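Since this is a predicted model, take the numbers as computed values, not measurements.
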Amino acid sequence: MPHAMPHGTPHGTPFPRHRFAVNLSMLFTGLPLLERPAAAAAAGFDAVEMWWPWPATPTPPDHELDALRRALDDAGTRLVGLNFYAGQLPGPDRGALSVPGAESARFRANLDVATGFAASLGCTALNALYGNRIADADPRAQDALALENLVRAAEAADRVGAQVLIEALNPVESPAYPVTGSAAAVALAERVNEATGLGNARFLMDLYHLAVAGEDVAAAITAYGKACGHVQLADAPGRGAPGSGVLDVPDLLERLERAGYGGWVGLEYRAASGAGAFDWLDQPRRPAHDDPSTT
């Protein structure tokens, strides 16, 4: 991917902004959606990602798609990550593809819309959130439906040269979401790839969700960093900017480099839009002798 994460950024220098994509569904949310790409550009970023911007509908009118496309183009920002329709997000939902009935139908209706919109902007990564367990539904039936819809998503993405991302969420904040660890998400991506033969289903590694779930984030990076398709970060607890919690985000980013990850890192945290939201990027990286890790 153009502008992907470079390897070997020298210690003592800040993290360059072109390594990162601002999540416009979490940052600059005090602005109307169409003004957020320009705000990201003004903050020094040329890449953005977002959840599905129209949670009420999988098939927004063309003029709304065109307006967002123009806003991204006019700002000079590239869209590098997009969710498929995921229900009410933010809100109670965590995806639609495993939910029987109307929500599954909405997910399917969204496939060509989302992949077409992404392709028109050069975006090759689409996140397919699994969806919550439903009280009156058989979990085995939900899993079968999920695999069927993920296969459809992978085929739709393949038609535009894109990949489907499968994300693990944390069970603390999403107790009804069944894909809650890196191993489970990776195994699901492998099942999709086996079913399609396309090889375009990949793990979306969200460092925040893994940490809140109690997973050893450094170990997950070592195991899956090279093979994952996209990375997102926020500090934990609190989902704030790096430095607001207990995660050693600079160390985890360096581990990703050493593991061979060369893709985008999405900034999916909560912060006041303005001064301070990205100050952590301007801090010098610590010297190698201060890093106790050698792997």
Side-chain angles (χ1 to χ4, degrees), residues 1-29 31 36-51 71-72 75-83 118 121-127 163 165 167 202-211 217 220-221 225-226 228-236 238-245 247-286:
M1 298 177 182
H3 301 300
M5 176 189 285
H7 294 276
T9 301
H11 292 287
T13 61
F15 287 102
R17 276 166 165 71
H18 71 256
R19 295 173 52 170
F20 302 96
V22 173
N23 189 295
L24 298 182
S25 302
M26 290 285 289
L27 289 161
F28 300 111
T29 54
L31 297 172
R36 296 178 203 171
F45 298 94
D46 60 7
V48 299
E49 62 177 27
M50 65 184 70
W51 305 341
L72 291 162
T77 50
R78 178 184 171 187
L79 183 66
V80 300
L82 177 68
N83 282 14
L121 291 161
C123 175
T124 59
L126 293 113
N127 186 22
Q163 62 185 4
L165 303 172
E167 182 176 10
R202 306 287 298 278
F203 172 39
L204 191 164
M205 180 183 288
D206 187 306
L207 306 184
Y208 167 78
H209 283 300
L210 298 186
V217 181
I221 288 171
K226 187 174 183 178
C228 69
H230 192 72
V231 170
Q232 292 175 324
L233 68 85
D235 212 333
R239 204 170 187 175
S244 64
L247 293 184
D248 188 343
V249 170
D251 174 72
L252 295 176
L253 291 173
E254 291 180 3
R255 288 177 182 272
L256 279 163
E257 291 184 7
R258 293 197 297 273
Y261 179 70
W264 295 95
V265 175
L267 305 183
E268 197 186 32
Y269 54 77
R270 298 186 183 96
S273 299
F278 308 108
D279 283 355
W280 68 277
L281 285 166
D282 298 323
Q283 300 301 312
R285 299 175 69 174
R286 66 191 180 197

Check: Trp280 and Leu267 side chains under 4.5 Å, non-hydrogen atoms: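 Sidechains of Trp280 and Leu267: in contact.
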Partner of Arg36 by side-chain contact (heavy atoms from CB on, under 4.5 Å), out of Thr29, Leu72, Thr77: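 Of Thr29, Leu72, Thr77, side-chain contact (heavy atoms from CB on, under 4.5 Å) with Arg36 is met by Thr29 alone.
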Those residues that, when tested against Ser244, pass side chain to side chain contact (heavy atoms under 4.5 Å, CB included) (two or more places apart):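 So Ser244 forms a side chain to side chain contact (heavy atoms under 4.5 Å, CB included) with Asp235.
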Side chain to side chain contact (heavy atoms under 4.5 Å, CB included) against Ala259, all qualifying residues, sequence neighbours excluded: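 Only Ile221 meet the side chain to side chain contact (heavy atoms under 4.5 Å, CB included) criterion with Ala259.
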Step-by-step side chain to side chain contact (heavy atoms under 4.5 Å, CB included) determination, Val231 to Trp264: CA-CA 6 Å; Val231 170; Trp264 295 95; over 6 Å; no
To the nearest 0.5 Å, what is the distance between [atom1] ([X]) and [atom2] ([Y])?
X      : Y      : atom1 : atom2 : answer
Leu165 : Leu204 : CG    : CG    : 5.0 Å
His230 : Met205 : NE2   : CE    : 12.0 Å
Leu252 : Leu233 : CG    : CG    : 9.0 Å
Leu253 : Arg258 : CG    : CZ    : 11.0 Å
Phe28  : Asn23  : CZ    : CG    : 11.0 Å

Main-chain N/O of [Y] paired to [X] side chain as donor or acceptor, under 3.5 Å:
X      : Y      : answer
Ser25  : Met50  : no
Arg78  : Gly122 : yes
Tyr269 : Ala277 : yes

side-chain hydrogen bond (donor to acceptor under 3.5 Å, both in side chains) against Gln232, all qualifying residues, sequence neighbours excluded: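 For Gln232, the residues satisfying side-chain hydrogen bond (donor to acceptor under 3.5 Å, both in side chains) (neighbours in sequence not counted) are Glu49.
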Results of side-chain hydrogen bond (donor to acceptor under 3.5 Å, both in side chains) for Asn83 - residues two or more places apart only: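 side-chain hydrogen bond (donor to acceptor under 3.5 Å, both in side chains) list for Asn83, sorted by chain: Asn127.
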Ring pair (Phe, Tyr, Trp, His ring centres under 6.0 Å) partners of Phe45, counting only residues at least two apart: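 For Phe45, the residues satisfying ring pair (Phe, Tyr, Trp, His ring centres under 6.0 Å) (neighbours in sequence not counted) are Phe278.
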So, for [X] and [Y], which heavy atoms are closest and what is the spacing to 0.1 Å?
X      : Y      : result
Cys123 : Gly81  : SG-N, 3.6 Å
Asp279 : Gly276 : OD2-CA, 3.3 Å
Ala41  : Ala75  : CB-O, 3.5 Å
Ala21  : Val80  : CB-CG2, 3.5 Å
His209 : Asp206 : N-OD1, 3.1 Å
Gly225 : Cys228 : O-SG, 3.4 Å

Set of salt bridge (charged side-chain N to carboxylate O under 4.0 Å, His left out) partners for Arg239, sequence neighbours left out: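 Testing Arg239 for salt bridge (charged side-chain N to carboxylate O under 4.0 Å, His left out), a comparison that skips the adjacent residues, returns Glu268.
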Audit row: Glu257, Arg19, salt bridge (Lys or Arg N to Asp or Glu O under 4.0 Å) steps and yes/no: CA-CA 11 Å; Glu257 291 184 7; Arg19 295 173 52 170; 3.0 Å; yes
